Q: 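Can you keep this structure in mind? I'll have questions shortly.
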Amino acid sequence: MTRYNPKDTEPKWRRAWDEADAFRAGPPDPARPKYYVLEMFPYPSGRLHMGHVRNYALGDVIARYKRARGFNVLHPMGWDAFGLPAENAAMERGVDPKAWTYDNIARMRGELKELGLSIDWSREFATCDVEYYGRQQAWFLDLFEKGLVYRKESLVNWDPVDQTVLANEQVIDGRGWRSGAVVEKRRLSQWFLRITDYADDLTDDLKSLDRWPEKVRTMQENWIGRSRGARFSFRFSDPARADGLEVYTTRPDTLFGAAFVGIAADHPLAAEVAAANPAAAAFVETCRQGAVSEAEIETAEKLGFDTGLKVRHPFDPDLELPVWIANFILMDYGTGAIFGCPAHDQRDLDFARKYGLPVRPVVLPPGADPSAFEVGEEAWTGAGALFNSGFLDGLGIEDAKAAAIARLEADGAGEGATVFRLRDWGVSRQRAWGCPIPVVHCPSCGVVPVPKASLPVAHPADIAFGKAGNALDRHPTWKHVACPSCGGAAQRETDTLDTFVDSSWYFARFADVESQEPVRKSAADYWLPVDQYIGGIEHAVLHLLYARFVTKALADSGYLSVREPFAGLFTQGMVTHETYRRQGGEWVEPGDVVIEAEGRSRRARLLSTGEPVVIGDAEKMSKSKKNTVSPGEIFEVYGVDAARLFVLSDSPPERDAQWSNAGVEGAGRFVNGVGGEFESQPAGPHAADPGDPGATTLRRATHRLTRAVTEAIETFRFNSGIARLYEFLNLLREHKAEGASPALLAERAEALSVFARLIAPFTPHLAEECWARIGGEGLAVFAPWPDYDEALTRDAEVTLPVQVNGKRRWEIRAPAGAEPADVEKMVLDDPETARRLEGLTIRKVIVVKDRIVNIVVAG
RNA sequence: GCCCGCUUGGCGGAAUCGGUAGACGCAACGGACUUAAAAUCCGUCGCCAUCGGCGUGCCGGUUCGAGUCCGGCAGCGGGCACCA
C-alpha cells in the first residue's frame with residue numbers, strides 16, 4: 001500500500017483553497033442565513049502553541065460544517081496585540097514593542113495558515129493598528145459624553161525602583177517581580193467605566209443566553225453579585241456625634257446577633273480616628289501595605305483595631321456595640337462598613353474569637369435545642385428559625401429579613417437596598433503600549449475630551465522604551481498640546497486603556513473592517529451576534545463580562561442593535577503534557593526523554609545519558625516546566641491533519657486534553673488508513689444491487705454514521721464523532737474493495753463519498769485528497785453536507801437485556817418498537833425464564849420499550 | 001478565604017431522557033510477515049475467581065433499576081477585578 005503523504009498533499013490543497021478564495025464571507029444578504037464563528041483572538045506572544053491549535057481547530061470544525069450546510073459563514077482572525085509582554089520584551093531585550101509585536105504577528109500568521117483554517121483573512125487586523133484603536137477612542141468619547149467614563153482615586157501596586165504600577169501577578173511575596181523592591185500602595189487618579197450602571201441588565205440578560213454553559217452564567221451572576229439587603233445607620237453613643245454610621249448588610253435578620261461594627265481602613269471615620277490617634281494611624285497604614293488582590297485580603301489574618309467609639313443597636317438602645325477598623329472590610333463594597341454577627345458569618349466569627357467579642361446565636365438550626373445551641377469554631381450560615389431576637393423570634397430567615405427591614409424603615413433608621421459586588425471597571429494603565437485615552441488636561445478648562453475630528457490619538461513613532469516609568473509620559477513632546485477648548489498650553493492624558501477594552505468590541509469590528517465609523521451598523525446588524533464563540537474558561541468572567549457591557553453601551557450609543565454579543569459560547573479546556581524532571585529537580589523537555597514501557601509500568605530516561613527521569617503529572621504546557629511541544633515540529637513529522645485530528649479526538653473539547661506523541665501517531669495511522677481505503681477503491685461505475693447483504697450492512701452503517709457525526713458536531717462532542725469515524729474505517733476494511741462484488745463496490749463508492757465529506761471539518765486536507773480520488777465534483781470544501789435517512793439508521797430487531805432484580809442475567813431479541821406488553825409475554829414464555837427463575841415468585845415485570853426488561857422476584 | 005467546576009480500566013475517554021458500564025483510541029501482551037528492525041495485519045486486554053462475584057473518588061439516601069438524581073465528605077483544577 002502506498003503511504004499517504006501529508007507533506008505533499010497538504011500545501012497543495014491550501015493553495016487550492018486560496019485560489020478559490022474559498023473562505024471569504026459573502027456580503028450581508030438578509031435572504032441568506034449567516035453563521036458567525038469566532039474563537040477568542042490570540043495574543044501575539046511569538047509562537048503558536050498547542051492551546052492555539054486546539055482552540056482554532058475547534059472553531060474550524062464548526063465553520064467548515066456550517067459552510068457545508070449552506071450558511072454564509074464569517075470566520076475571521078485578528079490579534080489582541082497591546083499589553084504587558086511587549087513592554088517586558090522591550091525592557092529585557094531593548095527591542096521596540098511595536099516591531100516586536102508585528103514580527104510576532106507575521107510569524108504566527110504563517111503558523112496559523114499552515115493549520116489549514118477556513119479563515120477569511122481579508123478581515124484580519126491587530127488591536128495595535130491605529131485604524132482600530134483610533135476608532136476605539138471614538139466610541140470611548142461617546143461613552144464619555146454619556147457620563148459612562150469618570151475619574152476617581154484608586155489604589156495601585158507601585159514599584160518604587162522601576163517607577164511603575166505593577167499588575168497583581170507582578171507582585172510576588174509583596175515585592176516587584178523585576179526590581180525585588182517592596183511594593184507600595186499608591187493612590188492614583190484613574191479612569192473608570194461605569195459598568196455598574198449596567199449591573200441589573202448584565203444580570204437579567206444572562207437568562208437569555210441559553211447556549212452558554214450554565215457554569216459561566218453562574219460565575220457571572222456571582223461576580224456581579226446582586227444582593228438585596230438593608231442599608232441603615234447606627235447612632236453613636238456619644239451624643240456629641242450627630243451623624244450616624246451607615247452600614248450595609250445582606251443579613252438584616254441577624255441584627256440581634258451583632259457583636260461589633262467594622263469599618264474599612266479607607267473609611268472616612270478611620271481617617272478621622274487615625275488623625276487623633278497614632279496607634280490607629282499605624283494600624284491603618286499596616287492595612288494599606290497589605291495586599292491588593294481579593295484572594296490575599298481574604299486569606300490574610302483578620303486584624304482589627306478598636307477605635308473606642310461605640311454605637312447603639314437600632315432595635316435595642318441599651319445595647320452598645322464597639323466600632324473596630326478591620327482589614328477584611330472593603331471600602332468598595334456597600335458602604336465600607338458592616339455590623340459583625342459572629343455566630344452566622346465565618347469571617348466575623350474568626351474576628352470575634354481573636355478579639356474576645358461575644359458570639360450570640362440568633363438563628364437556630366432545624367432540630368437544635370434553643371437552650372443548648374452554641375457556635376464553636378464554625379459559624380452557622382444555613383437555614384433555621386430566629387431566636388434571641390425580640391420581635392423576630394420564630395420567623396424564618398427570609399421573613400425575618402423583611403420584618404427587620406420594615407422596622408428599620410418605620411424607625412427612619414434605614415431601608416431595604418440592592419447592592420452589587422461588581423465594582424466599576426478601572427481602565428487606566430500607566431503604560432505606553434496600549435490605546436491612548438483621548439483626553440487632554442488643561443490648567444484652565446480641566447479635563448477636555450479630544451474632538452473626534454482630531455482622532456486618532458496615535459503613539460509617537462519614537463518612544464524610548466526600556467527605561468523605568470511610562471514611556472508615553474516621558475516622551476519629550478508628545479503630551480504637550482494645545483487645549484482643544486481654550487487653545488492654551490495643555491497636556492495629553494498619558495494613561496492608556498486596559499487591553500480588555502480592546503477585546504471588548506473586536507467581534508463587532510470584524511463585521512466590516514473598512515468602516516470609517518467604529519462599527520458599520522448595517523453589517524453588524526447582519527452578522528451579530530456571534531453565533532458561536534469559543535475560548536478558554538479562564539475568560540469566563542472578566543473578558544466576557546466586559547464584552548457584554550461594551551456591547552450594551554455601544555447599542556445605547558447607536559452603533560449596534562444587539563444587546564448581547566455572543567449567542568453561543570463554548571469554553572474549551574487546556575492542552576496539557578506530562579512533565580519530566582531529573583533527580584536533581586530540573587525540568588526536562590519531552591524531546592530529551594525516552595519512555596520505556598513494560599507491562600503496566602512506564603519509566604523514563606534521559607536520551608543523552610540514560611540517566612533516570614521522574615515522570616510527573618500532566619500539566620498545562622508552559623515554558624517554565626519545559627513540557628511544551630512545538631506545533632510546527634508536529635506538523636512536520638505527522639502532518640497538519642493528524643495533529644488537528646488528535647487534539648479533537650482525544651478528549652471532550654471542554655476538558656483538558658493531554659498531548660502525547662503516541663496519540664498523534666494513532667491519528668496519523670487513521671489518516672493513512674483512510675488514504676489507503678480510497679486508494680483501493682476501483683473506478684466505477686459498478687452495478688448496484690440494493691438487496692445485497694454486504695451492501696445493505698454498509699448502507700445502514702453509512703446512514704448511522706452520518707447521523708452520529710452530525711449530532712456530535714452540533715453538540716460539541718467531537719471526540720465521540722471521531723470515534724464513530726474510526727469505527728467506520730474498521731467497517732470499510734471488513735468490506736474491502738479487493739475481491740468485492742460489484743454491488744458492494746457500488747455501495748462502497750457511496751459510502752466513501754459520504755465519508756470524505758464527514759471527515760472534512762476535522763481533516764480538511766485529507767478530505768480533499770479523498771474527494772479528488774473518487775472524482776468528486778469541485779473541491780470538497782464546496783460539497784454539501786450529506787443527509788441521512790432516519791429509517792435506515794434503525795435496525796429491525798433489537799437486543800434487550802433481561803435483568804432480575806436490577807442485575808443483568810441474559811438477553812432476548814425482539815422486533816424494534818415492540819409493545820411492552822408483547823415483550824413481557826415473550827419473556828415469560830421464554831424457556832430461559834422458567835429455568836432461571838425456578839422456585840422464585842415473579843412480583844412484577846418492567847419493560848422499557850427497545851431498552852430493557854427487569855423482572856422483580858421474591859422468594 | 002469566597003465563587004465555580006471536575007473525579008469511570010495501566011492511560012485519554014464512551015455511555016448525557018434513570019435502563020447491557022468500559023464504545024473508540026493509546027499503552028501493554030501474544031501471534032503472522034521479515035535475515036532483522038520499522039511499518040502493516042490477526043488476537044487478548046476492568047478486578048478477583050471454577051460456577052460466579054465485585055466494580056464509575058468515599059459514606060449514606062431515593063428507585064424495579066443510579067456513572068447519571070439527592071445529602072454529606074475527600075482530592076484535584078479554574079477565577080478572584082492591572083496576565084491575556
Side-chain angles (χ1 to χ4, degrees), chain A residues 1 3 40 42-43 45 80 82-85 156-157 165-171 190 213-216 218-219 221-223 225 292-300 302 328 332 346-347 350 421-431 498-500 503 536-543 545-546 571 573-574 595 597-602 617-618 620 646 649-652 654-658 660 662-663 665-667 669-670 672-673 676 715 717 719-720 722-727 730 733 799-808 811 843-846 848 851-857:
Chain A
M1 183 167 65
R3 251 185 104 74
M40 292 178 186
Y43 178 80
S45 56
D80 189 13
F82 276 135
L84 210 48
V156 294
N157 302 305
V165 174
L166 296 177
N168 284 336
E169 72 153 17
Q170 295 174 313
V171 180
Q190 308 239 64
E214 183 69 40
K215 77 166 168 181
V216 175
T218 308
M219 284 166 84
E221 195 174 337
N222 290 337
W223 184 262
V292 170
S293 80
E294 189 183 322
E296 287 177 90
I297 290 168
E298 292 281 331
T299 48
K302 312 261 175 302
F328 62 91
D332 295 316
Q346 193 61 44
R347 286 184 309 184
D350 295 344
R421 203 186 78 97
L422 181 69
R423 311 201 291 259
D424 274 336
W425 178 10
V427 293
S428 276
R429 298 292 181 270
Q430 292 70 39
R431 307 187 206 289
D498 179 5
T499 56
F500 272 128
S503 55
I537 186 67
E538 68 273 19
H539 294 291
V541 177
L542 293 180
H543 162 60
L545 190 67
Y546 293 146
T571 53
M574 300 179 302
I595 306 282
E598 200 185 301
R600 277 178 198 165
S601 70
R602 291 171 76 240
D617 288 343
K620 182 179 180 174
F646 175 64
S649 68
D650 191 49
S651 297
E654 70 277 11
R655 276 209 233 168
D656 288 353
Q658 192 179 328
S660 77
E665 275 173 36
R669 275 196 282 275
F670 174 81
N672 251 313
T715 57
R717 285 170 15 230
N719 55 324
S720 295
I722 292 168
R724 297 287 87 77
L725 292 168
Y726 274 78
E727 265 178 357
N730 292 337
R733 286 170 162 168
T799 303
L800 296 177
V802 180
Q803 297 182 330
V804 177
N805 287 349
K807 289 198 190 290
R808 181 178 167 278
E811 34 187 54
R843 284 282 157 84
K844 198 170 168 188
V845 178
I846 291 153
V848 181
R851 277 265 140 100
I852 204 162
V853 179
N854 189 13
I855 306 173
V856 185
V857 300

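The sequence lines fix the lettering, A, B, ..., with proteins before strands; numbering per chain opens at 1. Only a predicted model underlies this, so the values are computations on that prediction, with no experimental measurement involved. Reckoned from all heavy atoms, side chains included, excluding hydrogens, waters and symmetry mates.
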Q: Provide the Watson-Crick or G-U wobble partner of B:G1, both distances under 3.5 Å; none if there is no partner.
A: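 Its partner is B:C80 (Watson-Crick or G-U wobble, both distances under 3.5 Å).
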
Q: Under 3.5 Å, is there a donor-acceptor pair between the side chain of A:Asn805 and the main chain of A:Val857?
A: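 Yes; judged by distance alone, with no hydrogens or angles, the pair exists.
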
Q: So what does A:Gly426 touch, heavy atoms closer than 4.0 Å: a base, only the sugar-phosphate, or nothing?
A: sugar-phosphate

Q: Between B:G55 and B:A21, how many Å separate the two C1' atoms, rounded to a whole number?
A: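 Result for the C1' pair: 9 Å, nearest Å.
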
Q: Considering only B:G12, B:C4, B:A81, which nucleotide approaches the side chain of A:Leu542 most closely?
A: B:A81

Q: Given atom CZ of A:Arg655 and atom C1' of B:G13, what is their separation to the nearest angstrom?
A: 7 Å

Q: Just how far, in rounded Å, is P of B:A21 from CZ of A:Arg851?
A: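 It works out to 13 Å between those atoms.
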
Q: Does OP1 or OP2 of B:C80 have a side-chain N or O of A:Asn222 closer than 4.0 Å?
A: no

Q: Quick one: look up who B:U20 pairs with, Watson-Crick or G-U, both distances under 3.5 Å, and put none if it's unpaired.
A: none

Q: Any heavy-atom pair between the side chains of A:Val856 and A:Ile846 that's under 4.5 Å?
A: yes

Q: Which part of the nucleic acid, if any, lies within reach of A:Ser649 when heavy atoms closer than 4.0 Å are counted: base, sugar-phosphate only, or nothing?
A: nothing

Q: Return the value, rounded to whole Å, for the distance between atom CD of A:Glu727 and atom P of B:G25.
A: 8 Å

Q: Between A:Glu811 and A:Gln190, name the one whose nearest nucleotide on RNA chain B is closer to the 5' end.
A: A:Glu811

Q: Searching all strands shown, indicate the nucleotide that pairs with B:G75 (Watson-Crick or G-U wobble; both distances under 3.5 Å).
A: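 Across any shown strand, B:G75 pairs with B:C6.
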
Q: Would you measure the distance from the C1' atom in B:G65 across to the matching atom in B:G10 and give it in whole Å?
A: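 Between the two C1' atoms, the distance is 31 Å.
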
Q: I'd like to know if A:Arg717 reaches the base of B:A14 with its side chain such that a donor and an acceptor end up less than 3.5 angstrom apart.
A: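 Under the 3.5 Å cut-off, the side chain and the base do not form any donor-acceptor pair.
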
Q: Using a cut-off of 4.0 Å on non-hydrogen atoms, how would the nucleic acid contact of A:Ala295 be classed: base, sugar-phosphate, or nothing?
A: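 A:Ala295: base contact, heavy atoms under 4.0 Å.
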
Q: Just name whichever nucleotide pairs with B:U50, Watson-Crick or G-U, keeping both distances under 3.5 Å, else none.
A: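 Pairing partner: none.
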
Q: Under 4.0 Å, heavy atoms only, any strand: does A:Asn730 hit a base, just the sugar-phosphate, or nothing?
A: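 Sugar-phosphate, backbone atoms only, no base.
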
Q: Nearest-Å distance, CZ (A:Arg808) to P (B:G18)?
A: 22 Å

Q: Taking atom P in both B:U16 and B:A81, compute the distance separating them and give it to the nearest angstrom.
A: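 These two P atoms come out 40 Å apart once rounded.
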
Q: Would you indicate what A:Ile846 reaches in the nucleic acid, counting non-hydrogen atoms under 4.0 angstrom: base, sugar-phosphate, or nothing?
A: base

Q: For A:Thr715, answer base if it contacts any base atom (sugar-phosphate contacts may also be present), sugar-phosphate if it contacts only those atoms, and nothing otherwise; contact means non-hydrogen atoms under 4.0 Å.
A: nothing

Q: Between A:Asn157 (side chain) and A:Leu166 (backbone), is there a donor-acceptor pair under 3.5 Å?
A: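 Yes; judged by distance alone, with no hydrogens or angles, the pair exists.
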
Q: Looking across every strand, which nucleic acid part, if any, lies under 4.0 Å from A:Gln430 by heavy atom: base, sugar-phosphate, or nothing?
A: base

Q: Using a cut-off of strictly less than 4.0 Å, decide whether A:Arg429 has a side-chain nitrogen or oxygen near OP1 or OP2 of B:C82.
A: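 Answer is yes, contact under 4.0 Å.
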
Q: Given the P atoms of B:A28 and B:C33, what is the spacing between them in whole Å?
A: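 B:A28 and B:C33 have their P atoms separated by 22 Å.
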
Q: Hey, does the side chain of A:Asp80 reach the backbone of A:Tyr43 with a donor-acceptor pair shorter than 3.5 angstrom?
A: no

Q: Give A:Val848 one of three labels, base, sugar-phosphate or nothing, depending on what nucleic acid heavy atoms sit under 4.0 Å from its own.
A: base

Q: Tell me whether the side-chain N/O atoms of A:Ser651 come closer than 4.0 Å to OP1 or OP2 in B:G12.
A: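 The answer is no; no side-chain N or O of A:Ser651 sits under 4.0 Å from OP1 or OP2.
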
Q: Taking pairing as Watson-Crick or G-U wobble with both contacts under 3.5 Å, can you name the mate of B:A28, or confirm there isn't one?
A: B:U44

Q: B:A14 and B:G9: how far apart are their P atoms, nearest whole angstrom?
A: 13 Å

Q: Considering only heavy atoms and no angle criterion, is a donor-acceptor pair shorter than 3.5 Å present between the side chain of A:Arg347 and the base of B:C2?
A: no

Q: Hey, are the side chains of A:Phe646 and A:Ser660 touching, using non-hydrogen atoms and a 4.5 Å cut-off?
A: yes

Q: Would you indicate whether the side-chain heavy atoms of A:Gln190 and A:Val156 approach each other to under 4.5 Å?
A: yes

Q: Should A:Arg669 be listed as having a side-chain N or O under 4.0 Å from OP1 or OP2 of B:C26?
A: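 For B:C26, OP1 or OP2 has a side-chain N or O of A:Arg669 closer than 4.0 Å.
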
Q: Rounding to a whole Å, what distance do you find between A:Phe670:CZ and B:G25:P?
A: 10 Å

Q: Which nucleotide sits closest to the side chain of A:Pro652: B:C82, B:A14, B:C54?
A: B:A14

Q: Quick one: are A:Ile852 and A:Gln803 in side-chain contact, heavy atoms under 4.5 Å?
A: yes

Q: Suppose you measure atom P in B:C17 against the same atom in B:U68; what distance do you get, rounded to whole Å?
A: 15 Å

Q: Determine the contact category for A:His543: base if any of its heavy atoms lies under 4.0 Å from a base atom, sugar-phosphate if only primed atoms, P, OP1 or OP2 are that close, otherwise nothing.
A: nothing

Q: So what does A:Pro42 hit on the nucleic acid, given a heavy-atom distance under 4.0 Å: a base, only sugar-phosphate, or nothing?
A: nothing

Q: Tell me whether the rings of A:His539 and A:Phe500 are parallel (<30°), tilted (30 to 60°) or perpendicular (>60°).
A: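 Correct class here is perpendicular.
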
Q: For nucleotides B:A15 and B:U20, find the distance between their C1' atoms and express it as a whole number of Å.
A: 10 Å

Q: Rounded to whole Å, please give me the gap between CG in A:Asn719 and C1' in B:A14.
A: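 Interatomic distance, CG of A:Asn719 to C1' of B:A14: 8 Å.
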
Q: Checking contacts here: which listed nucleotide (B:A15, B:C82, B:A81) is nearest the side-chain heavy atoms of A:Leu422?
A: B:A81

Q: Between B:C58 and B:C42, how far is it from one C1' atom to the other, in whole Å?
A: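 Rounded to whole Å, the distance is 42 Å.
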
Q: From the set B:C64, B:A84, B:C82, return the single nucleotide nearest to any side-chain atom of A:Thr499.
A: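 Among the listed nucleotides, the one closest to the side chain of A:Thr499 is B:A84.
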
Q: Could you state the atom-to-atom distance from CD1 of A:Ile722 to P of B:G13 in whole Å?
A: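 Nearest whole value for this atom pair: 14 Å.
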
Q: Select from A:Ala662 and A:Asn805 the residue whose nearest nucleotide in RNA chain B is closer to the 5' end of that strand.
A: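 Its nucleotide being nearer the 5' end, the pick is A:Ala662.
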
Q: May I ask you to say what A:Trp425 touches in the nucleic acid, namely base, sugar-phosphate or nothing, with a heavy-atom cut-off under 4.0 Å?
A: nothing

Q: Applying a 3.5 Å limit to both distances, which nucleotide forms a Watson-Crick or G-U wobble pair with B:G67?
A: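 No nucleotide pairs with B:G67.
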
Q: Between P on B:G1 and CZ on A:Phe328, what's the gap in Å once rounded to a whole number?
A: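 Distance check: A:Phe328 CZ to B:G1 P gives 15 Å.
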
Q: Nearest 0.5 Å, what's the CZ-OG distance between A:Phe670 and A:Ser649?
A: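 One gets 9.5 Å once the value is rounded to the nearest 0.5 Å.
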
Q: If the glycosidic angle is within 90 degrees of 0 it's syn, otherwise anti, so just tell me which one B:G9 is.
A: syn

